[in-house]
Structures are given as structure tokens and as C-alpha cells.
Amino acid sequence: MRVPIASLGPHMDGQRVRICGRVQRVRHKRKIAFVVVRDGSFDDVQLTIKDPELLKLAEKLDRGYVICAEGIVKASKIAKKGYEMIPEKIEVLSKSEVPPFDPFVDVDHTILAKRLDRRVLDLRNPRNRAILVLKGLVTRYMREYLYSQGFIEVHTPKVTITATEGGAEVFPVKRFDREAYLVMSPQLYKQMVMATGIERFLEVGPCRRAEKHHTKKHLNEYFGLDIEMAFATDEDAMKLLEDSIRYAAEKIFEDHERVWRVLNEKFEPPEKFDRITYDEAREILKKKGFEIPRGEDFGADEERALWNEINKPFFITKRPRSARPFYVMRLDEDPKYTKGFDLIYRVELASGAQREHRYEKLVENIKDKGLPLESFRYYLEAFRYGMPPHAGRGLGLERLMMGLFGIDEVRECVLFPRTVDRLTP
RNA sequence: GCCCCGGUGGUGUAGCCAGGUAGCACGCGGGGCUGUCACCCCCGAGACCCGGGUUCAAAUCCCGGCCGGGGCGCCA
């Protein structure tokens with residue numbers, strides 16, 4: 001039976017095993033050959049071949065070949081890892097052409113665009129694959145935490161007729177004979193769910209934005225981990241966000257060391273998040289030479305400056321009205337400010353709010369923003385028959401990866417990224 | 001949407017400013033090698049994005065196109 005390569009070790013000296021994986025490197029001499037095989041367990045093993053028959057076969061092996069090998073594990077002082085495998089049988093399951101670059105050697109000095117053109121090869125590099133594996137694990141543990149808090153999972157539609165929520169542009173699509181749009185976020189549907197009697201739910205799904213960004217932190221298609229909960233405030237949403245992220249980080253830290261070490265040896269779960277208000281953030285920035293007029297949002301330089309100053313994840317609360325969408329609740333005592341917040345963790349990776357659940361105020365807000373009431377008709381109707389107060393947040397999974405593991409390129413956090421000019425692979 | 005920068009074998013680059021034989025490393029093909037581990041050694045093939053202009057001569061200077069990279073705005 002096949003065993004993971006990561007399970008091998010000197011302690012298995014003398015045992016017979018079968019491994020399957022991909023040839024990472026072949027080194028042969030006339031009478032001895034070394035074949036390094038790697039599998040999905042984030043480890044490799046050296047097959048040492050002296051048998052004349054296998055030697056003949058080994059000469060035909062090349063990088064990329066998919067093989068299985070059966071043989072004896074042998075503790076060895078000469079082998080770098082302290083053990084190696086002496087195969088008795090090697091089967092070739094699939095051959096490989098010469099790849100355009102070697103994912104084990106060239107990836108570090110091949111520009112990202114070329115790596116993304118051959119993404120499957122690129123992902124053979126353990127570090128690059130580890131990002132995706134960890135992204136899956138982060139998603140799993142975030143869900144796990146939310147489930148433990150009584151959340152269920154729902155799925156909102158990804159095509160709609162609402163051209164904008166304000167903010168980003170959307171992609172038009174042809175829907176039979178009608179014009180429709182890919183949804184930029186589940187926001188409107190999330191709030192409508194709050195009128196159904198479902199009180200706490202999450203959704204993991206794609207968000208599409210038609211913005212021609214050229215930055216290290218923007219995608220035209222990203223995955224959002226959204227939640228919405230009834231009878232809750234912005235404070236509740238922030239606490240849940242912090243608790244779920246820290247839970248996921250701690251689980252990964254404890255249970256998946258082999259994977260995170262491949263990506264970032266210095267990975268540590270974050271300490272407790274800070275909280276500052278928008279106005280406090282402006283004060284900090286002022287001391288660092290950035291004058292931000294009240295009501296204006298922070299730019300990239302300001303965000304970086306705040307991160308460098310605080311140097312751990314922090315919420316910015318009480319965002320000004322002008323920089324928030326219509327569905328965010330204003331403070332009754334000072335309508336210039338809202339119950340909206342952002343989470344900064346190296347980059348801005350989540351934003352949320354207590355929402356406006358009062359029909360009249362919501363209508364007023366939409367008008368204030370200059371948006372067409374008509375295209376929100378279906379949304380607004382949900383607020384006319386009893387809507388509990390509610391709060392929620394959207395979180396960019398790719399950006400969470402950037403924050404947690406110190407990745408500075410968002411495209412590395414997606415299987416097949418969709419950016420301005422990239423529709424393939 | 002605005003602003004910068006770039007395009008040399010399969011990959012990464014040198015050469016460009018100051019025009020004159022396109023160099024290097026890895027990879028690839030052939031050969032050698034009993035302990036390698038980005039193995040090593042010998043031999044070989046392989047490239048100036050496209051079009052126009054200037055010039056005795058263009059990878060190099062100029063113009064246009066195409067393609068790519070980066071920063072900002074906005075956001076997650």
C-alpha cells in the first residue's frame with residue numbers, strides 16, 4: 001500500500017514501502033543513480049539505484065515523470081536526510097515533456113506573469129502550493145469556528161440586475177436576452193437573508209470587480225468569506241472576526257507545522273487586535289506628516305504608515321459617512337460618522353458594520369449617495385416587513401492569507417488568478 | 001481612469017547611456033563518471049517583440065504599433 005513520503009524516516013530502516021509521486025531530479029553516474037521523488041505530503045525522498053536493470057530505467061526517467069516505487073527504506077549516513085530508499089521496482093505512470101521552467105529551481109527568478117502562465121508547473125513548487133493548502137485550511141477553520149457559534153452556510157446568487165452598490169464597477173454579462181451583472185459582493189442578499197428568520201450565516205463565494213487595478217493586492221475575482229448576524233452590533237461583528245481569525249491561525253500553527261514552515265518559518269498566530277477610531281488614526285498620521293481632511297479615506301501610503309506604527313492587526317472604527325456605502329448605519333448622535341469598521345492586517349482585509357435596518361433611513365441613504373432607487377427595489381422590499389437590527393462583514397480570503405503569512409502578492413494566493421488581462425489558464 | 005518603466009535563446013540576465021564579432025549561468029542534445037544531493041567534467045545546438053526611419057553600419061539612436069511590468073485612485 002502506498003505511504004506518504006513525509007511518513008518515511010530513519011526509524012523505518014529495513015521496512016518495505018511503496019511510494020508514488022513526481023520525479024523532482026535525477027542524478028546519474030554510470031553505475032549509480034539518484035532519483036529524488038516528491039509527493040503531496042510536502043516531502044521528498046532519494047531513491048538510490050545500483051541494480052543494473054533499474055539503472056537502465058533510471059536513465060530514461062526525467063523531471064516531471066509520475067512514478068511509483070517499491071523498496072526498502074534504509075537509514076544512511078551518506079544520504080543528506082539520514083535515510084534513503086532502495087527501490088526494487090519502479091513503475092512509470094506518466095512521462096513528461098521538458099517543462100519551460102523547473103519549478104524547483106527557476107521559480108525564484110522567473111517573473112510572476114510567466115509563472116502564472118504555467119501555473120500548474122508553478123504550483124509544483126512546495127512554497128507556492130503551500131499557500132493554496134493553507135488557504136483551504138484557513139477557510140476550514142474559519143468555518144469551523146463560525147459553525148461552533150451557531151452559524152450556518154448559505155449561498156447567494158452570483159448574477160443580478162443591480163449595476164452597482166456604489167464603489168466598484170461590475171462586469172456586465174449577457175443573460176439570455178437581458179443585461180445583467182456579476183455580483184461584486186453578496187452584500188445586498190446577505191441583508192435580505194436577515195429578514196427570513198435565519199439569524200446567523202456565512203458564505204464563502206466569488207466576488208467580481210471590474211476595476212483595472214495594477215497592484216499587488218487587487219484581483220478582479222476574489223473569494224470572500226462573508227457573515228451576517230441578526231440582533232448584533234458592529235462590536236459583535238468585530239469580536240467574531242477577531243476570534244475566528246485567531247482560532248484559525250492557532251489551529252494551523254498547532255496542527256499543520258509541516259505546511260506553514262514550507263511557506264514562512266516565522267509564522268505565528270496574531271496577538272490581540274488593536275482598535276482605533278478613524279479620528280485617532282488621523283491623529284497618528286498627523287504626527288507622521290500625513291494631513292488627512294476629516295471625512296476622507298486613507299490611501300495606500302497612509303495605510304502602510306498606520307501598519308508600521310501599530311505593527312499588529314487593528315480595527316479602524318467609526319469610519320466617516322462619506323467613505324462608507326449606503327447600507328452602513330450612521331451614528332444617531334453624529335451622522336457624519338458610521339458604525340462601519342475596517343480590519344488592517346498588513347493590508348485592508350475586511351470591512352464590516354452594523355447595517356441600517358430601518359427602511360426610511362435606508363432609502364434616505366441611497367438617495368444621499370445619488371444611487372437609483374429603482375434598481376434596489378427587490379432589496380428594499382425586504383426591509384418593509386420587519387427587519388431585525390443586524391451586523392456583518394466581508395473578508396477577502398486572499399488578503400487574509402497576505403496578512404497571516406506575510407505574502408505580499410495577492411495573485412500567489414489564488415489557484416488561477418483573474419486580473420485585468422488574465423483570463424487563462 | 002491617471003502616471004512611470006521595460007521587451008535579448010526554454011528560464012534568468014550582460015551588452016544599450018557612448019552604434020562596429022551578441023557574452024554568462026541554468027536548462028536542452030551528445031559523450032565521460034560508483035555516493036551524488038541545484039553533482040561534476042568535455043563537446044554541441046539555440047535569442048536581439050513587430051514595422052518604419054537615421055547611418056557605411058542598429059540589440060544599441062528616432063518614430064509608430066503590439067505585448068508586458070510597476071505605482072496611484074478605489075476596494076477585500
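Here is how names work: the chains are called A, B, and so on, in the same order as the sequence lines, proteins then strands, and each is numbered from 1.
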Q.
Please pick, from B:rG73, B:rG12, B:rA76, the nucleotide with the shortest atom-to-atom distance to any side-chain atom of A:Y222.
A. B:rA76
Q.
Quick check for you: among B:rG70, B:rC33, B:rC72, whose closest atom lies nearest to any side-chain atom of A:K29?
A. B:rC33
Q) So what's B:rC33 paired with, Watson-Crick or G-U wobble, going by both distances under 3.5 Å? A) none
Q.
Any carboxylate oxygen within less than 4.0 angstrom of a Lys/Arg side-chain nitrogen, looking at A:E88 and A:R16?
A. yes
**Q.** Selected nucleotide, minimal atom distance to A:V98 side chain, candidates B:rC74, B:rC28, B:rG32
**A.** B:rC28
Q: Look at the side chain of A:E348 and decide which nucleotide, out of B:rG10, B:rU34, B:rC75, has an atom nearest to it.
A: B:rC75
Q | Check: A:H213 side chain, B:rC74 base, donor-acceptor under 3.5 Å | A | yes
Q. Under 4.0 Å between a side-chain N/O of A:R399 and OP1 or OP2 of B:rA76, yes or no?
A. no
Q: Can you tell me the pairing partner of B:rC56 across any strand shown, Watson-Crick or G-U wobble, with both distances under 3.5 angstrom?
A: B:rG20
Q.
The side chain of A:K114 is closest to which nucleotide in this list: B:rC75, B:rU34, B:rG12?
A. B:rG12
Q.
Given the structure, check if the side chain of A:E84 and the base of B:rG35 hold any donor-acceptor pair shorter than 3.5 Å.
A. yes
Q: Give the nucleotide from the list B:rA38, B:rU36, B:rG71 with an atom nearest to the side chain of A:Q46.
A: B:rU36
Q | Listed nucleotide nearest any side-chain atom of A:K216, set B:rG35, B:rG70, B:rU11 | A | B:rG70
Q.
Taking B:rG6 as the reference, what is the distance to B:rG64 when you measure between their P atoms (whole Å, please)?
A. 15 Å
Q.
Looking at A:K50 and B:rG35, is any side-chain donor or acceptor paired with a base atom of the opposite kind under 3.5 Å?
A. yes
Q. Would A:F34 pass as stacked on B:rG35, i.e. its ring centre under 5.5 Å from the base's six-membered ring centre and planes under 30° apart?
A. no
Q. Do A:Y222 and A:R209 pass the side-chain hydrogen bond (donor to acceptor under 3.5 Å, both in side chains) test, and can you show the C-alpha distance, the side-chain angles, and the key distance before you say yes or no?
A. CA-CA 9 Å; A:Y222 71 91; A:R209 311 252 164 123; 2.8 Å; yes
Q: Identify which one of A:R275, A:K339, A:R393 satisfies the salt bridge (charged side-chain N to carboxylate O under 4.0 Å, His left out) criterion when paired with A:E235.
A: A:R275
Q. When you check the phosphate oxygens OP1 and OP2 of B:rC72, does a side-chain N or O of A:K212 lie under 4.0 Å from one of them?
A. no
Q: Looking only at side-chain atoms of A:H214, point me to the closest of B:rG27, B:rG35, B:rC72.
A: B:rC72
Q. Which part of the nucleic acid does A:R63 contact within heavy-atom distance under 4.0 Å: base, sugar-phosphate only, or nothing?
A. sugar-phosphate
Q. With a non-hydrogen cut-off below 4.0 angstrom, is A:R411 in contact with a base, only sugar-phosphate, or nothing?
A. sugar-phosphate
Q | Interatomic distance at C1', B:rC28 relative to B:rG9, whole Å | A | 11 Å
Q. Ignoring hydrogens and angles, are the base of B:rC33 and the side chain of A:R27 linked by a donor-acceptor pair under 3.5 Å?
A. no
Q.
Regarding A:R209, tell me which of base, sugar-phosphate or nothing describes its non-hydrogen contacts under 4.0 Å with the strands shown.
A. base
Q: Give one of base, sugar-phosphate or nothing for A:L349, where a contact means two heavy atoms less than 4.0 Å apart.
A: sugar-phosphate
(Q) Classify A:R346 by what it touches in the nucleic acid, base, sugar-phosphate, or nothing, heavy-atom distance under 4.0 Å. (A) nothing
Q: Tell me whether A:F101 is stacked on the nucleobase of B:rU11, counting only the six-membered base ring and applying the 5.5 Å and 30° thresholds.
A: no
Q: Might you work through the side-chain hydrogen bond (donor to acceptor under 3.5 Å, both in side chains) test for A:D43 and A:S41, ending with a clear yes or no?
A: CA-CA 6 Å; A:D43 202 1; A:S41 64; over 6 Å; no
Q: Would you indicate, yes or no, if B:rG35 has its OP1 or OP2 atom less than 4.0 angstrom from a side-chain nitrogen or oxygen of A:T48?
A: no
Q: Tell me which nucleotide among B:rC75, B:rU34, B:rG1 gets nearest to the side chain of A:K217.
A: B:rC75
Q: Would you classify A:L219 as touching base, sugar-phosphate or nothing, given that sugar-phosphate means primed atoms plus P, OP1 and OP2, and contacts are heavy atoms under 4.0 Å?
A: base
**Q.** Rounded P spacing from B:rG44 to B:rA25 in Å
**A.** 13 Å
Q: Determine, stepwise, if the pair A:Y337 / A:R324 fulfils side-chain hydrogen bond (donor to acceptor under 3.5 Å, both in side chains).
A: CA-CA 9 Å; A:Y337 293 88; A:R324 293 289 101 174; over 6 Å; no
Q.
Mind checking if A:D297 touches a base, just sugar-phosphate, or nothing, with heavy atoms under 4.0 Å?
A. sugar-phosphate
